[in-house]
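Heads up: the structure comes next, in structure tokens.
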Amino acid sequence: MQKDDNEVLLSSSNRQQNIHPTTFLGTGLFRVGMNPDPKPALYLSLDRLTVIADYDTRKFDYNYFEWLREPFMREAGDGLQIVEESKFADVPPEQVAYIEKPKFLENKIRVDFNPNHGLDSEGGAWLIKFLSKLPNKHYSRCDIAFDIVNIPEVENYRVWQFGSKKRIYYGRGGAFETGYYGSSSSGKQIRFYNKKIEQKERHKKVVNHVSWWRLELQLRGKTIDKYPDVVRKMLESFYIPAYELEENQQTSNKLFRLQHDPDYYGKLSNSAKAKTRALLKKCNKHNRVALALADLFVKQFDRLEDEIYSTLNKFDIDAEEIIIL
């Protein structure tokens, strides 16, 4: 059977975990004012590009306050946000781009932007003109987003990474809503969150899907063509420990507690933590969604790569010499 590139068939290798192959076929994310769409779907999109360019540090400090006079500029962290105002008074503005001085690079400027969002706004027009004038531009990284729609089991997935920062946020009812894994400066940050709730609370949008989760991966590497391997490796840590499939009751109980008590691992001794990490590597896993995401990335990598290079060429950004921050 011939398949469309947007169609993902789950590997039959997961049958030993009582998870049957399923087809994910994307048809569109927003269904406002309609009955809930129960069809499971996966989507891959380019979420952000980061560019480093030459820019005199003293000039940046001077222009900083000049730029703040623009109606679409906001101070944020150590830099400036370019935003697009919402049509609704109670909805916060959307970020179009972020500009800052890199902490460890002199006479450089860093620009983060989504090439698929906000460039047709007033701030986007300013950004396009600004980028076109920057000299010696180099590509640094991209962030990709997987949208996981109508696959409710994914709410129990977690990113099982150790030795890096982790921040978890829960909703009013105690349910998991957002997880940040790794620092933004590590080059391996992952963000996993309930997109349906975010659309409702932040943007006042009612999305008629059974569930909608988003997994965002920060990709860095020497060359863009290595990204499929980078993504596959990152997705290996995205799963549910299948504690119910363990024959040893003690092992099953430990995996259950790891899954349901986010503070449990932090209270263990160093030797117990090492044993726990080894246990998680070899335990049974529910990972069919992670395998499907890796498959989707491989199938759509040519499209994503073309999109990245098209954007870099548009702004005369050098992709051969990637600057790692």
For Y180, the hydrophobic cluster (side chain heavy atoms closer than 4.5 Å, chained through members) also holds Y169
Hits for ring pair (Phe, Tyr, Trp, His ring centres under 6.0 Å) against F113, two or more places apart or cross-chain, chain-then-number order -> F315
Rounded to the nearest 0.5 Å, the CD atom of E307 sits from the CZ atom of F301 at a distance of 12.0 Å
Original post:
Do K59's NZ or CZ and the ring of Y55 fall within the cation-pi criteria of under 6.0 Å and 45°?
Top reply: yes
query = Is there a side-chain contact between L42 and D147 (heavy atoms, below 4.5 Å)?
reply = no
message: Quick one about H209 and Q199 (side-chain donor to acceptor, distance below 3.5 Å, no hydrogens or angles considered), yes or no?
response: no
Joining Ile, Leu, Val, Met, Phe, Trp and Tyr whenever any side-chain heavy atoms lie under 4.5 Å apart, the cluster holding Y98 also takes in none
Are any non-hydrogen side-chain atoms of Y139 and V51 less than 4.5 angstrom apart? no
The side-chain contact (heavy atoms from CB on, under 4.5 Å) partner of V111 among I317, I52, L131 is L131
For residues 249-258, tabulate all N or O donor-acceptor pairs below 3.5 Å that involve a side-chain atom, not counting sequence neighbours.
residue, atom, partner, partner atom, Å
Q249, NE2, N253, OD1, 2.9
T251, OG1, N248, OD1, 3.3
S252, OG, Y243, O, 2.8
N253, ND2, Q249, O, 3.3
K254, NZ, T276, OG1, 3.1

In this structure, OG of S164 is separated from CD of Q161 (nearest 0.5 Å) by 5.0 Å
- Message: Tell me whether E177 contacts the main-chain N or O of Y170 through its side chain, where contact means a donor paired with an acceptor under 3.5 Å.
- Response: no
message: Salt bridge check, D47 against R214: does any charged N sit closer than 4.0 Å to a carboxylate O?
response: yes
Sorted by chain and number, sequence neighbours left out, side chain to side chain donor-acceptor pair (under 3.5 Å) with D316 holds for none
Here the salt bridge (charged side-chain N to carboxylate O under 4.0 Å, His left out) pairs for residues 263-283, sequence neighbours left out, are none
Original post:
So do the side chains of R158 and F238 get within less than 4.5 Å of each other, counting heavy atoms only?
Top reply: no
### Task
For the residue pair I144 and C142, establish whether any side-chain heavy-atom pair is separated by less than 4.5 Å.
yes
Test item: side-chain donor near acceptor, N287 and E236, under 3.5 Å: no
Discussion item. Is there a side-chain contact between K137 and L312 in this structure, where contact means two heavy atoms from C-beta onward sitting under 4.5 Å apart?
Written reply: no
query: Is R288 positioned over the aromatic face of Y239, cation under 6.0 angstrom from the ring centre and no more than 45 degrees off axis?
result: no
Practice problem: Say whether I128 and V83 are linked into one hydrophobic cluster, either directly or through other cluster members, by side-chain heavy-atom distances under 4.5 angstrom. | Solution: no
Check: Does a side-chain N-to-carboxylate-O contact under 4.0 Å join D54 and K108?
Finding: yes
Value for CD (Q218) from CE (M234), rounded to nearest 0.5 Å, stands at 7.5 Å
For V298, the other hydrophobic cluster members (4.5 Å side-chain criterion, sorted by chain and number) are none
Examine L49 and L119 and state if one hydrophobic cluster contains both, with Ile, Leu, Val, Met, Phe, Trp and Tyr joined whenever side-chain heavy atoms are less than 4.5 Å apart.
-> yes
What one should report as the nearest heavy-atom pair of P135 and A53 is O-CB, 3.6 Å
Closest non-hydrogen atoms of E84 and G118, given as atom of the first, atom of the second and distance, are OE1-CA, 3.8 Å
dist K233:NZ -> L217:CG (nearest 0.5 Å) comes out at 14.5 Å
Practice problem: Please answer whether the main-chain N or O of N107 pairs with a side-chain N or O of T57 as donor and acceptor at a distance below 3.5 Å. | Solution: yes
* Hydrophobic cluster membership, Y227 vs L304, 4.5 Å side-chain cutoff -> yes
Side chain to side chain contact (heavy atoms under 4.5 Å, CB included) filter on N194, not counting sequence neighbours, yields K196, I197, W213
Would R191 and D143 pass as an ion pair if we require N to O under 4.0 Å?
no
In this structure, CG of N313 is separated from CG of D318 (nearest 0.5 Å) by 10.0 Å
Could you check if a side-chain atom of K166 sits within less than 4.5 angstrom of a side-chain atom of Y265, using non-hydrogen atoms only? no
ask   = Can I224 and E305 be said to form a side chain to side chain contact (heavy atoms under 4.5 Å, CB included), step by step?
value = CA-CA 7 Å; I224 293 171; E305 186 179 34; 4.2 Å; yes
F297 side chain near L235 side chain, heavy-atom distance below 4.5 Å = no
Would you give me the side-chain donor-acceptor pairs under 3.5 Å for residues 66-77, sequence neighbours excluded?
residue, atom, partner, partner atom, Å
R74, NH1, P71, O, 2.8
R74, NH2, E85, OE2, 2.2
E75, OE2, Y64, OH, 2.8

ask   = When clusters are formed by joining ILVMFWY residues with side-chain heavy atoms under 4.5 Å apart, either directly or through shared neighbours, do F192 and L280 land in the same one?
value = no
Practice prompt. Check whether any side-chain N or O of N150 sits under 3.5 Å from a backbone N or O of V210 as a donor-acceptor pair, and report yes or no.
Written response: yes
Heavy-atom nearest pair, L46 first then N114, reads O-OD1, 3.7 Å
E216 and A145 have their tightest heavy-atom pair at CG-CB, 4.1 Å
Hits for side chain to side chain donor-acceptor pair (under 3.5 Å) against S310, two or more places apart or cross-chain, chain-then-number order -> none
Residues passing the side chain to side chain donor-acceptor pair (under 3.5 Å) test with D302, sequence neighbours excluded, are none
In terms of heavy-atom contacts, S121 and V96 come closest through OG-CG2, 4.0 Å
Would you say Y157 ends up clustered with Y264 if hydrophobic residues are merged whenever their side chains have heavy atoms under 4.5 Å apart, either directly or through other cluster members?
no
Across all chains, not counting sequence neighbours, the side chain to side chain donor-acceptor pair (under 3.5 Å) partners of D112 are R48, T50, R110
dist S132:OG -> L127:CG (nearest 0.5 Å) comes out at 9.5 Å
**OP:** Answer yes or no: is there a side-chain heavy-atom contact under 4.5 Å between K39 and V149?
**Re:** no
I168 and G179 have their tightest heavy-atom pair at CD1-CA, 3.8 Å
